[in-house]
Amino acid sequence: MQLSELELVRREKLTQLLNLGINPYPAELFPLDTTSKDIKQDYKEGKKVIIAGRLMSRRIQGSASFAELQDADGRIQVYFNRDEICPGEDKTHYNDVYKKLLDIGDFIGIKGELFTTKVGEKTVMVKEFKLLSKALKPLPQPRVDADGKVHDAFTDPEQRYRQRYADLVVNAHVKEVFVKRSKMFTAMRHFFNERGWFEVETPILQPIPGGAAARPFITHHNAMNVELYMRIACELYLKRLIVGGFEGVYEFAKTFRNEGMDRTHNPEFTMMEIYVAYKDYQWMMEMVEQLLEYIALQVNGSTLATFGEHEIDFKAPYKRVTMTQAIIDYTGFDITGKTEEELREAAKDMGITVDNTMGKGKLIDEIFGEKCEPNYVQPTYITDYPKEMSPLTKKHRDNPELTERFELMVCGKEIANAYSELNDPIDQRERFEAQLELAKKGDDEAGEFIDEDFLRALEYGMPPTSGLGIGMDRLIMFLTNNPSIQEVLFFPQMKPEQKQIAMTDEEKAVFAILKSNSPIELNSLKEQSGLSNKKWDKTIKGLTKNKLAKVEKTDDGLFVEEV
RNA sequence: GACCUGGUAGCUCAGUUGGUAGAGCACCUCCCUUUUAAGGAGGUGGUCCUGGGUUCGAGCCCCAGCCAGGUCACCA
C-alpha cells in the first residue's frame, strides 16, 4: 500500500524510538489512578495523579508545552516542561521524545501533579510520561475556536461510517449518541427486570422465518444440509416460552431483513420484543407510555425530545385513536363494513395506487399510511387494526372484523407495535392459511410458511398474553435527534471498499520494455508501448510517480530511464 | 429502482471559455519557559474516484462505471 508522507514520517519516528530503547507498544499495564473527569471534579492543588489517554493537541513553546490528553471521559490539559521532565543534563526525553517523536493520536501515560494556570485552566504538570501506543495514521483534527465554532470538522458521512473509530475519537457528539443508546438499553432492561420479567435469547438461525412480514436472508447449514433463515422477528419463539410457563419474557433481538436500505432501514437492526401473560393490549398501552417516559428521563433527563423541527413529549399518557377514526379524521371516509371493492375504489379516489393483489387489510393500510400516518407527531396510539393485516392478533372483543392491536406513532413513524396475542390454535391455523392464500395471490409481504411447531405449542395452551415490539434504533433516533439510522448504529452496513491495484497492466508492459532497454528515447518507448496518447500519459506518470522510471531532458531529446 | 448532488493534500474546502493544481489547519526545519482555534520565519506534501472519448492540451467538456449523501418509489 502506498503510504502518504505523513505516514512515512510517523514510521520513521517509530524507528527512532526503538533506537532510543523505547518500546512503542509496551506489554505491561499502566497503573492509572484517575480520569480527566475526576481531576476536574475533585481538583486539589498539588495532588499527585496518574492518567492515560490520547494526545489530541499540542502547543509547543520552546522548553514548555501545553497539550490535551483525551480519555474515555473527555479531555484534560497537561503541561510539559523540559526541566520537570529532564531534571538532569540529558534533555533527550523532552527535546527528542516529547517534541519530535510523539504525535497527535499517540497514547501516553502520565504521572504528574495538579495545578491551575494563570488563565485558570486545571492542568496536570507532567513529571514523567510514557509512550503506551504509537499512532501511525494521522487523525482528522477538528478544532473549536473562541466562539465555539468548529473548524475542519470530520464530517464526510462515508468516511465517518467506514472509519467509525476515527469518528468516535474526534467527534465527541457522536460518542454521546452511543452513550445514550447504551443508557436506553440499560433503562429498558431495568424497567422490565424490576417487574419480574425475564430477558431471554431465542434462535437467530431459524428453519422458518416467522413473526413478521419481510424478506429474510437465507443461509445454509453444512452439517445438517438444510437452508436456514436469519430471523425477521422473534415473536413465535417468545410465545413458545409463554406456553412453557414464563409469565414475562423479553429479548433485545438483532433482526435481519433482506430489503432496501435507506436512512431508516439497515439490513440488521435491533428490535425489543416482550410478552406478558394474563394481559391485553389496553394494559400494554399503559405499560408502554410509562416505559417511554422513564426511558426519556433516563437518557435525556427530560421527557421532552427535539426531533428536527418538532418537540416531542414522551410524558404519559398518550392519545389513543382507532384506525377507523383516524381514517375518518383525515379522509372523511368510514371503512366500517366496506367490501374489498369499495375500499379499492375509495383508495383510488384518494389518489393511491392500488392493484388486485391487495386484500382489505392491505388497502386500509395503504390509506392509513398515505393519508393519516404522517400527521401524528406527538406519541399517539393507533388502535384496532383490520384483521387481514394482523395474522397473529386476537380478534377484537367488540368487532370480529378488527383486531386488538395498536401501533405507537411518533413524528409520523411507527416505533412500537403490540397486540393481544392470538392464542386460539384453530383460529391461528386459519389465519396462517389465509396468509398463504395472499402470498399465492402475489402479496410478497404475506407469510409463505405455516409454522406447525408453533401451532403445536399453541395447542398445549397459551394464557392470554399481550406482546410488544419496539424498534430500538428508531427510538434512539428520536431521543438523539438523528434522522438517519446510520448515525445511531456503530457500524452501518456499507458496500465494501475497493482495493487499489499496485501497478496497472499498461505500467507493467511499459516497465518491461524499459527494463530491457534503458535509457530509451521517450517517443520510441511510447511507440513500442502502442498506447493511446492519454493512456501513455497516465502510464508514464504512474511509473515516474512510483519512482520506477525517470524522464530526463538532454540536448539530444527526451529520454526515459529505469530508476 | 428513478432522479438530484457530491468525490481535488492527513482534515475542511477553493479552483475563472479548457492553458504550469491552490488555501487554511496538520506535518517537517529553525526561534520561543504558564498557552487557549490561529506566536514568528521557511519548507514538504496530489491516482484531482475509476475507465474510455473529444482536444495541441482535461480537475474542468462528453460517455460509461464505482462509492456516498439526499429526494422519491418500494418496504415497516
Side-chain angles (χ1 to χ4, degrees), chain A residues 2-10 12-13 57-68 77-84 94 99-100 103-105 115-121 123 125 135-163 166 170 212-215 232-233 255 257-265 269 271 353 365-366 369 373 389 407 409 413-417 444-445 469 471 474 483-484 486 492 494-498 500-504 506-507 532-535 537-539 541-542 545-546:
Chain A
Q2 192 77 24
L3 294 175
S4 72
E5 192 208 6
L6 297 187
E7 290 169 308
L8 290 169
V9 165
R10 290 197 178 203
E12 172 57 27
K13 290 179 178 181
S57 73
R58 286 202 293 180
R59 297 176 288 278
I60 297 177
Q61 295 170 35
S63 53
S65 168
F66 287 91
E68 279 181 300
Q77 177 165 274
V78 293
Y79 173 65
F80 288 82
N81 181 296
R82 185 181 59 204
D83 300 323
E84 293 287 342
Y94 180 83
K99 273 173 72 175
K100 294 191 177 156
D103 283 296
I104 288 173
F115 78 106
T116 305
T117 62
K118 283 176 186 167
V119 286
E121 182 94 13
T123 304
M125 163 99 64
L136 294 181
K137 268 182 104 65
L139 287 165
Q141 283 176 260
R143 51 194 201 295
V144 182
D145 68 16
D147 304 326
K149 204 177 155 200
V150 179
H151 299 256
D152 296 347
F154 183 50
T155 52
D156 178 42
E158 177 170 5
Q159 288 196 75
R160 288 180 44 240
Y161 302 152
R162 288 194 194 280
Q163 303 188 42
V170 304
R215 214 162 355 134
I232 55 174
T255 308
R257 296 189 181 176
N258 201 345
E259 291 170 348
M261 289 165 65
D262 59 34
R263 73 183 200 293
T264 56
H265 295 83
F269 61 101
M271 293 257 296
T353 46
D365 192 32
E366 289 294 325
E373 205 172 52
M389 51 193 287
E407 288 192 358
M409 300 302 195
K413 296 274 179 209
E414 172 212 337
I415 62 168
N417 182 11
D444 53 12
E445 280 181 55
R474 293 239 175 119
S484 161
Q486 297 167 103
M494 306 280 277
K495 285 207 181 182
E497 289 178 276
Q498 287 183 333
Q500 293 168 349
I501 305 153
M503 211 194 291
T504 65
E506 288 85 2
E507 287 172 9
S532 69
N533 282 343
K534 179 147 191 151
K535 199 83 192 166
D537 190 58
K538 280 267 180 213
T539 305
K541 277 179 179 163
K545 193 184 304 291
N546 290 322

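Just so it is clear: chains get the letters A, B, ... in the order the sequence lines come, proteins before strands, and each one is counted from 1.
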- Message: On RNA chain B, compare the nucleotides closest to A:E259 and A:S484; which residue's is nearer the 5' end?
- Response: A:S484
- Query: How close or far is atom P of B:U12 from atom CG of A:L139, stated in whole angstroms?
  - Reply: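 Going from A:L139 (CG) to B:U12 (P), I get 13 Å.
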- Query: Quick one: A:D152 CG to B:A23 P, roughly how many Å, whole number?
  - Reply: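 About 15 Å, once rounded to whole Å.
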- Query: So do the side chains of A:S57 and A:F66 get within less than 4.5 Å of each other, counting heavy atoms only?
  - Reply: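 Sidechains of A:F66 and A:S57: no contact.
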- When we call it a touch if two heavy atoms are under 4.0 Å apart, what does A:Q486 touch: a base, just sugar-phosphate, or nothing?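 Sugar-phosphate contact only.
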- Message: Would you measure the distance from the C1' atom in B:A14 across to the matching atom in B:U8 and give it in whole Å?
- Response: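 Those two atoms are separated by 10 Å.
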- Message: Between B:A21 and B:C25, how many Å separate the two P atoms, rounded to a whole number?
- Response: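 Straight-line distance between the two P atoms is 24 Å.
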- Is there a donor and acceptor pair closer than 3.5 Å between the side chain of A:T117 and the base of B:U36?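 Result: at least one qualifying N/O pair found.
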- Message: What I want to check is whether an N or O donor and acceptor connect the side chain of A:H151 with the base of B:C25 at under 3.5 Å.
- Response: no
Just the atom pairs and distances: protein N or O near nucleotides 27-29 of chain B's N or O, under 3.5 Å.
residue	atom	partner	partner atom	Å
B:C28	OP1	A:K13	NZ	2.4

- Item | A:K99 atom NZ: more than 12 heavy-atom contacts under 6.0 Å |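 Atom NZ in A:K99 is packed in, count exceeds 12.
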- Looking at residues at least two apart in the chain, or sitting in another chain, which of them share a side-chain hydrogen bond (donor to acceptor under 3.5 Å, both in side chains) with A:E12?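 Here the qualifying residues are A:Q16.
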- Query: How would you list, by chain and number, every residue that makes a side-chain hydrogen bond (donor to acceptor under 3.5 Å, both in side chains) with A:R162, sequence neighbours excluded?
  - Reply: A:E158
Polar-atom pairs under 3.5 Å, protein N or O versus N or O of nucleotides 3-8 of chain B: list them with distances, or write none.
none

Look at the side chain of [X] and decide which nucleotide, out of [options], has an atom nearest to it.
X: A:D83; options: B:G69, B:U12, B:U33; value: B:U33
X: A:D145; options: B:A37, B:C11, B:A73; value: B:A37
X: A:R143; options: B:U33, B:A37, B:G10; value: B:A37
X: A:Q159; options: B:C75, B:U35, B:C11; value: B:C11
X: A:K118; options: B:U35, B:G69, B:U33; value: B:U35

- Pair assignment for B:G69, Watson-Crick or G-U wobble, requiring both distances under 3.5 Å: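 Partner of B:G69: B:C4.
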- Base-pairing assignment for B:C13 (Watson-Crick or G-U wobble, both under 3.5 Å):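 Per the H-bond distance test, B:G22.
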- Partner residues of A:F269 under the ring-ring contact (aromatic ring centres under 6.0 Å, His included) criterion, sequence neighbours left out: none
- Can you list the residues that meet the side-chain contact (heavy atoms from CB on, under 4.5 Å) rule with A:E84, with sequence neighbours excluded? A:N81, A:M125, A:K127
